[in-house]
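Everything numeric in this text was worked out from a predicted model, so none of it was measured. Position 1 is the first residue of the sequence; numbering continues from there.
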Amino acid sequence: MTHKLLILPGDGIGPEVVDAAIQVLNSLERVTGTTYEKEFALLGGAAFEDSGNPLPEETLKLARSADAAIFGAVGGPQWDTLDRELRPESGLLRLRSELDLFCNLRPATLFPALSDASSLKSDVVSGLDVMIIRELTGGIYFGRPRGIDTRNDGVKVGYNTLVYDENEIKRIAIAAFDIAKKRGFKLCSVDKANVLEVSELWREVVSEVGSEHPEVALDHMYVDNAAMQLVRQPKQFDVIVTGNMFGDILSDLGAMLTGSIGMLPSASLNSKSFGLYEPVHGSAPDIAGQNVANPLAMILSVEMMLRYSLGEKTAADLVKVAVDKVLSAGYRTVDISQQQSLCLGTREMTEQVCVNIENLI
Ligand code: NAD
């Protein structure tokens with residue numbers, strides 16, 4: 001079996017953590033016999049320096065023909081003063097929109113060995129494993145009309161439009177039920193249907209899709225309550241699905257239940273199960289090139305890719321168990337350690353994960 005991958009290292013610590021992803025794929029190739037064919041392309045600041053365009057046509061073309069893409073991070077202070085459309089982050093936003101990556105998955109998983117890293121009490125979060133699914137290409141961030149105008153009475157008015165059509169809701173609901181069926185068969189749809197008409201439609205369409213998946217227990221929750229419940233008793237959730245803005249806020253909240261940003265993977269999928277798999281963190285220019293970045297967010301993004309785009313469940317489980325074993329054995333990078341002097345670097349941490357993958361078979 002061969003999978004065709006596009007590798008987008010990006011900027012800052014991007015290339016360092018992407019190298020960790022490649023090492024993990026190489027280990028998987030050795031033990032599973034599956035081949036991961038890798039094409040490399042430029043995105044972000046690196047692409048701007050090369051061609052003056054943060055998303056070159058060639059990168060887009062390669063993405064369209066790949067089964068999935070692995071991406072590090074983009075950005076850096078040297079590009080912050082460029083015109084907005086030339087900035088590294090604009091290249092990434094365009095890539096997401098060109099590929100119609102409407103389904104954003106952000107798991108909040110707490111590895112048992114890291115239960116002290118959360119700001120919540122360890123009995124509230126230990127064993128936490130919630131998947132937050134955010135609609136990524138619609139809602140208030142894209143709705144029109146939008147703008148800042150001056151009214152006839154001279155007062156300035158800012159406005160945005162929260163709009164979803166039933167097809168947009170339906171496709172994210174279908175994706176959410178599919179994912180719930182790969183996990184604990186429990187889905188919570190989050191909205192604000194007591195106040196917003198768009199949420200009324202959201203609830204109606206999600207319920208309609210739910211009637212075709214009776215094996216999944218569906219419930220609905222208002223977003224304010226969901227925020228409270230995520231802090232009060234986060235383990236009551238398995239999969240959460242919600243719109244763009246609510247998801248933006250809740251996924252950061254969920255992420256922080258687990259401690260360090262260096263541990264958080266993500267995926268953005270389109271309707272053909274192509275996905276862009278990336279750590280939640282940015283390019284961290286402050287630590288770039290020092291071999292101190294935590295590679296686990298990237299490695300766990302590879303695990304998601306194996307599971308959600310490539311259908312390689314056994315390989316995904318291998319990666320997850322290997323990361324768990326490395327953490328349980330006490331190995332830490334600086335960001336998740338209490339004892340800074342005993343930390344591993346990016347490469348050494350990656351090596352530990354690879355050794356465990358190869359020893360698990
Ligand atoms: P950041 O996530 O890059 O860094 C925030 C803090 O977390 C820094 O102190 C950094 O050292 C630390 N950190 C991040 N990843 C880490 C890791 N793997 N291991 C250990 N520590 C880690 O966010 P920022 O500083 O706000 O942004 C820096 C640049 O990244 C900016 O140019 C921003 O636009 C860009 N950015 C890109 C993405 C992306 O490519 N998806 C996302 C967020 C920010």
Side-chain angles (χ1 to χ4, degrees), residues 93 96-97 100-109 128-143 160-213 216-258 264-271 275-276 278 280 304 308:
L93 291 179
R96 286 178 181 153
S97 121
D100 201 15
L101 303 175
F102 69 94
C103 178
N104 183 226
L105 309 185
R106 292 261 301 254
T109 309
L128 179 72
D129 182 9
V130 182
M131 176 66 81
I132 299 181
I133 303 178
R134 165 187 173 193
E135 199 290 328
L136 199 60
T137 52
I140 197 163
Y141 295 166
F142 294 90
N160 291 85
T161 305
L162 175 46
V163 56
Y164 272 115
D165 70 36
E166 57 183 327
N167 295 330
E168 289 174 299
I169 304 169
K170 194 170 176 185
R171 69 176 183 172
I172 191 78
I174 290 171
F177 279 101
D178 280 351
I179 285 162
K181 282 196 257 181
K182 290 181 179 146
R183 294 174 46 101
F185 290 83
K186 234 176 105 185
L187 178 63
C188 178
S189 172
V190 170
D191 61 40
K192 190 71 184 167
N194 49 344
V195 178
L196 302 173
E197 285 78 2
V198 61
S199 279
E200 257 178 62
L201 180 67
W202 178 280
R203 199 173 270 222
E204 186 186 312
V205 174
V206 172
S207 299
E208 269 166 31
V209 175
S211 65
E212 290 158 27
H213 303 272
V216 176
L218 169 67
D219 70 307
H220 302 272
M221 198 178 273
Y222 299 136
V223 63
D224 41 350
N225 187 25
M228 192 172 76
Q229 296 299 333
L230 268 170
V231 177
R232 192 179 77 87
Q233 210 189 339
K235 284 187 272 182
Q236 70 185 279
F237 297 106
D238 177 24
V239 181
I240 291 174
V241 63
T242 189
N244 205 342
M245 182 167 59
F246 297 158
D248 189 4
I249 299 164
L250 292 184
S251 62
D252 267 27
L253 193 164
M256 272 305 107
L257 299 175
T258 69
L264 300 169
S266 80
S268 305
L269 309 175
N270 66 17
S271 49
L276 182 68
E278 56 178 304
V280 166
M304 292 184 78
Y308 294 110

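Applying side chain to side chain contact (heavy atoms under 4.5 Å, CB included) to Val241 and the options Ile169, Val209, Ile172, Val190 leaves one that passes, Ile172.
Taking 4.5 Å as the limit, every side-chain heavy atom of Val163 sits out of range of all side-chain heavy atoms of Val198. Side-chain contact between Pro265 and Pro107 is present, with heavy atoms from C-beta onward closer than 4.5 Å. Side-chain contact between Phe142 and Asn244: present, with at least one pair of heavy atoms (C-beta onward) separated by less than 4.5 Å.
Considering every non-hydrogen atom in both Tyr141 and Asp248, the closest pair reads OH-OD2, 2.8 Å. Across Val239 and Ala180, no two heavy atoms sit closer than the pair CG2-CA, 3.9 Å. Between Leu269 and Gly275 the shortest heavy-atom distance is CD2-CA, 3.7 Å. Annotation for Cys103 and Ala175: closest pair SG-CB, 3.9 Å, computed over non-hydrogen atoms. For the pair Ala255 and Leu264, the tightest heavy-atom approach, listed with the atom from each and the gap, is CB-CD1, 3.3 Å. When all heavy atoms of Pro234 and Leu257 are compared, the pair lying nearest together is CB-CD1, 3.8 Å.
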**OP:** Take Ile240 and Met131 through the test side chain to side chain contact (heavy atoms under 4.5 Å, CB included) and record every step on the way to the result.
**Re:** CA-CA 6 Å; Ile240 291 174; Met131 176 66 81; over 6 Å; no

**OP:** Please step through side chain to side chain contact (heavy atoms under 4.5 Å, CB included) for the pair Leu276 and Glu278, ending with a clear verdict.
**Re:** CA-CA 6 Å; Leu276 182 68; Glu278 56 178 304; 3.8 Å; yes

Subject >> side chain to side chain contact (heavy atoms under 4.5 Å, CB included) between Ile133 and Thr242, intermediate numbers included >> reply: CA-CA 6 Å; Ile133 303 178; Thr242 189; over 6 Å; no

Original post:
Checking side chain to side chain contact (heavy atoms under 4.5 Å, CB included) for the pair Leu105/Ile179: CA distance, chi angles, key distance, verdict?
Top reply: CA-CA 10 Å; Leu105 309 185; Ile179 285 162; 3.5 Å; yes

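Shown here are the side-chain hydrogen bond (donor to acceptor under 3.5 Å, both in side chains) partners of Asp252, two or more places apart in sequence or in another chain: Arg106. Checked against side-chain hydrogen bond (donor to acceptor under 3.5 Å, both in side chains), Ser199 has no partners two or more places apart in sequence or in another chain. In terms of the side-chain hydrogen bond (donor to acceptor under 3.5 Å, both in side chains) criterion, Tyr308 has no residue partners (sequence neighbours excluded). Partners of Thr137 according to the side-chain contact (heavy atoms from CB on, under 4.5 Å) rule, which considers only residues two or more places apart in sequence or in another chain, are Asp100, Phe102, Glu135, Arg171. Every residue two or more places apart in sequence or in another chain that forms a salt bridge (Lys or Arg N to Asp or Glu O under 4.0 Å) with Asp129 is listed here: Arg183. For Val231, the side-chain contact (heavy atoms from CB on, under 4.5 Å) partners two or more places apart in sequence, or in a different chain, are Leu120, Leu253. Residues forming a side-chain hydrogen bond (donor to acceptor under 3.5 Å, both in side chains) with Ser266 (at least two apart in sequence, or on another chain): none. Remark: Tyr164 engages Trp202 in a ring pair (Phe, Tyr, Trp, His ring centres under 6.0 Å) (not counting sequence neighbours). Applying the side-chain contact (heavy atoms from CB on, under 4.5 Å) rule to Ser97 yields no partners; only residues at least two apart in sequence or on another chain are considered. Applying the side-chain contact (heavy atoms from CB on, under 4.5 Å) rule to Ile140 yields the partners Asn160, Leu162, Met245; only residues at least two apart in sequence or on another chain are considered. Under the salt bridge (Lys or Arg N to Asp or Glu O under 4.0 Å) criterion, Lys181 pairs with Glu215, sequence neighbours left out.
To the nearest 0.5 Å, atoms NZ (Lys182) and CG (Asp178) are separated by 6.0 Å. Rounded to the nearest 0.5 Å, atoms CD (Glu212) and CD1 (Ile174) are 7.0 Å apart. Going from atom CG of Leu128 over to atom CG of Leu230 covers 8.5 Å, rounded to the nearest 0.5 Å. The structure places OG of Ser268 at 5.0 Å from CG of Leu136, a figure rounded to the nearest 0.5 Å. In this structure, the separation between CG on Asn167 and NZ on Lys170 is 7.5 Å, given to the nearest 0.5 Å.
In terms of modelled atom types and a separation under 3.5 Å, the side chain of Lys186 and the main chain of Gln236 share a donor-acceptor contact.
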Solution key, residues 217-225 side-chain donor-acceptor pairs under 3.5 Å, sequence neighbours excluded:
unit_1	atom_1	unit_2	atom_2	d
His220	NE2	Ser207	OG	3.1
Asp224	OD2	Lys192	NZ	3.1
Asn225	OD1	Gln229	NE2	3.1

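For Glu166, the CD atom counts as loosely surrounded, since its 6.0 Å shell holds 12 or fewer non-hydrogen atoms of other residues, nucleotides or ligands.
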